[in-house]
Amino acid sequence: VKNLRLVASRSGGATINTFDDLRSLAARRLPRMIFDFVDGGADAEITLAANRSSWADLRFDPRQLCDVSERDVSQTLLGQHIDVPFVLAPAGLATVVHPAGELAAARAAGRAGTIFVVSTASGHSLESIADVATGPLWFQLYLWKDEQVVAGLVERAEASGCSALVVTIDVPMVGKRERDLRNGMSLPPRVRVGDAFDTARRVRWLRGLVTGPEITFANLIGVAGGDSATTIGAFVDRELVDPTATWDRVGRLRRQWDGPLVIKGIMSPADAQEAVRCGADAVYVSNHGGRQLDGVAGVGEVLPEVVDAVAGRAEVFVDGGIRRGADIVKAKALGATAAFGGRPWVMALGADGERGIDRMLEVFRADVDRTLALLGRRRLADVDGSVLRGHLAVRE
Ligand SMILES: Cc1cc2nc3c(=O)[nH]c(=O)nc-3n(C[C@H](O)[C@H](O)[C@H](O)COP(=O)(O)O)c2cc1C
């Protein structure tokens, strides 16, 4: 056994080197219903796949012998410097995945040196997340039916020290998540008799569910009928989303909030123009991770058109299907100011709690660093279309 070393490993013997490793581990540790809630998209999941392929289909154009001994993956967005070029996108009710939920995300983001965007629909309250956060927090807002609720949340975001407001505009209705329908996924989760075996095997998750906080929208307790709704789903449909909303609402919000304003859910150059006209500091290209309108293009296809339309008047963010450091570099190459992601941190949380998120950020950071070296580039901030084959023209 001279050449055989037994290595004590965390994470139940699994080594984690990729997002897929985290996803596999989460699939083992979470009940099917919870895993699918995170993993799944809307309808036929065409857009979910298109997001992935819109990055995977881009090809690099590397240069060699460029002295890449010193590299820098850090960057700045909306005046904030981050050490790991990947921002944790807002995801509601992370507490269904792990009781530490958004607290774990805030701590891990702070440790790694990036930003965490707290969802309106978070499972821990904004104030309790701000209490444990060591890095910058942003707050994500939906355009609620009741503008008083919005005003109240904006005040709380300010009082909690959130340094930017992200308004999500792609939910006039909740998308049709077919896996959730098939699995009988409800919020809070209820275990169907037929699924009891699957759930009981996930001992660690069950323990978290029993000992953890109540699964609820912690920011909305006592607000707008949040307590009286029988299920969270009913509450979301009834109160959270407002199909009557128009760009005027964004304009009004702009007058309430002095800090940086980000408009999330942009999938067309025309809407990017509207967002800039309403005073957005950043336009956030996203199709909600393929969870809303299915059949819309992959984000990487739309990003260059939005970058052109914005023409430097605002920063441009992107999320959807970013699963590797190379995807982050490609997003920069297409003109994005910064890359964000939801499932990477939520899956990591399901796989291994806070440590899982630490590991995800470590892997992404190392991936970007190696990709830069192999491309013959030193600084992520300097990456442009010239790192992609055939994309030089796009940047002209
Ligand atoms: C479980 C889950 C919950 C989400 N909840 C929210 C939310 O509350 N608000 C929001 O603006 N976006 C929400 N999103 C969308 C993410 O912010 C982000 O746009 C999406 O996850 C990006 O795609 P990716 O998961 O492929 O990175 C959620 C996504 C997931 C997977």
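Counting starts at 1 for both ligands and their atoms, following the listed order.
- Shown in contact with Thr168 at under 4.0 Å from a heavy atom are these atoms of ligand 1, numbered in order with element: 10 (C), 11 (O).
- Other residues, nucleotides and ligands contribute more than 12 heavy atoms inside 6.0 Å of the NZ atom of Lys145.
- Geometrically, Lys330 engages Phe60 in a cation-pi contact defined by less than 6.0 Å to the ring centre and at most 45° from the axis.
- Inclusion of Gly342 in the set of residues having an N or O under 3.5 Å from an N or O of ligand 1 is warranted.
- In terms of protein heavy-atom proximity, atom 9 (N) of ligand 1 is nearest to Tyr142 OH, 2.9 Å.
- Atoms of ligand 1 found under 4.0 Å from any heavy atom of Arg323 (numbered from 1 in listed order, with element): 24 (P), 25 (O), 26 (O), 27 (O).
- Listed by number with element, the atoms of ligand 1 under 4.0 Å from a non-hydrogen atom of Ser286 are 19 (O).
- Remark: Arg291 qualifies as a cation-pi partner of Phe37 under the 6.0 Å distance and 45° angle criteria applied to the six-membered ring.
- Here the heavy atom of the protein found nearest to atom 4 (C) of ligand 1 is Ala91 CA, 3.4 Å.
- Numbered from 1 in the order shown, with element, the atoms of ligand 1 that lie under 4.0 Å from a heavy atom of Gly341 read 27 (O).
- Annotation: Asp319 places an N or O atom under 3.5 Å from an N or O atom of ligand 1; distance criterion only.
- For Arg324, the CZ atom is loosely surrounded, since the number of other residues' heavy atoms within 6.0 Å does not exceed 12.
- Contacts with ligand 1 closer than 4.0 Å are made by heavy atoms of both the backbone and the side chain of Pro90.
- With a heavy-atom cut-off of 4.0 Å, Gln140 touches ligand 1 through its side chain alone.
- Here the protein heavy atom with the shortest distance to atom 15 (C) of ligand 1 is His288 CD2, 3.6 Å.
- Near Ala89, meaning under 4.0 Å from any of its heavy atoms, are these atoms of ligand 1: 17 (O).
- The neighbour count for Arg252 CZ, taken as heavy atoms of other residues, nucleotides or ligands under 6.0 Å away, is above 12.
- Using a non-hydrogen distance threshold of 4.0 Å, Asn51 does not register as a contact of ligand 1.
- Annotation for Thr95 and Ile215: closest pair O-CD1, 3.5 Å, computed over non-hydrogen atoms.
- Close contacts between ligand 1 and Gly321 involve ligand atoms 24 (P), 26 (O) [criterion: under 4.0 Å to a heavy atom].
- Scanning the protein for heavy atoms near atom 23 (O) of ligand 1, the closest one is Gly289 CA, 3.2 Å.
- Among protein heavy atoms, atom 24 (P) of ligand 1 sits closest to Arg343 NH1, 3.5 Å.
- Of the possible donor and acceptor atoms, none in the side chain of Lys264 sits under 3.5 Å from a partner among the backbone N and O of Ser286.
- Ranking the protein heavy atoms by distance from atom 12 (N) of ligand 1 puts Lys264 NZ, 3.1 Å first.
- Near Ser119, meaning under 4.0 Å from one of its heavy atoms, ligand 1 places the atoms 7 (C), 8 (O).
- Counted by atom type alone, Arg377 and Ser386 present one or more donor-acceptor pairs between their side chains at under 3.5 Å.
- Contact atoms of ligand 1 toward Val38: 31 (C) (distance under 4.0 Å to a heavy atom of the residue).
- Annotation: the span from Asn219 atom CG to Leu153 atom CG amounts to 6.5 Å, rounded to 0.5 Å.
- Other residues, nucleotides and ligands place no more than 12 heavy atoms under 6.0 Å from the CZ atom of Arg32.
- For the residue pair Ser122 and Ser119, no side-chain donor N or O sits within less than 3.5 Å of a side-chain acceptor on the partner.
- Contacts between Phe340 and ligand 1 below 4.0 angstrom, taking non-hydrogen atoms only, are absent altogether.
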- Using the salt bridge (Lys or Arg N to Asp or Glu O under 4.0 Å) rule, take Asp358 and Arg355 through it: C-alpha gap first, then chi angles, then the decisive distance, then the call. CA-CA 5 Å; Asp358 286 340; Arg355 272 196 321 206; over 6 Å; no
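- In this model, no donor atom of one side chain and acceptor atom of the other lie less than 3.5 Å apart for Glu301 and Ser54.
- Here the shortest heavy-atom distance to atom 31 (C) of ligand 1, taken over Arg177, Arg291, Gln292, belongs to Arg291.
- Between Gly92 and ligand 1, at least one pair of N/O atoms sits closer than 3.5 Å.
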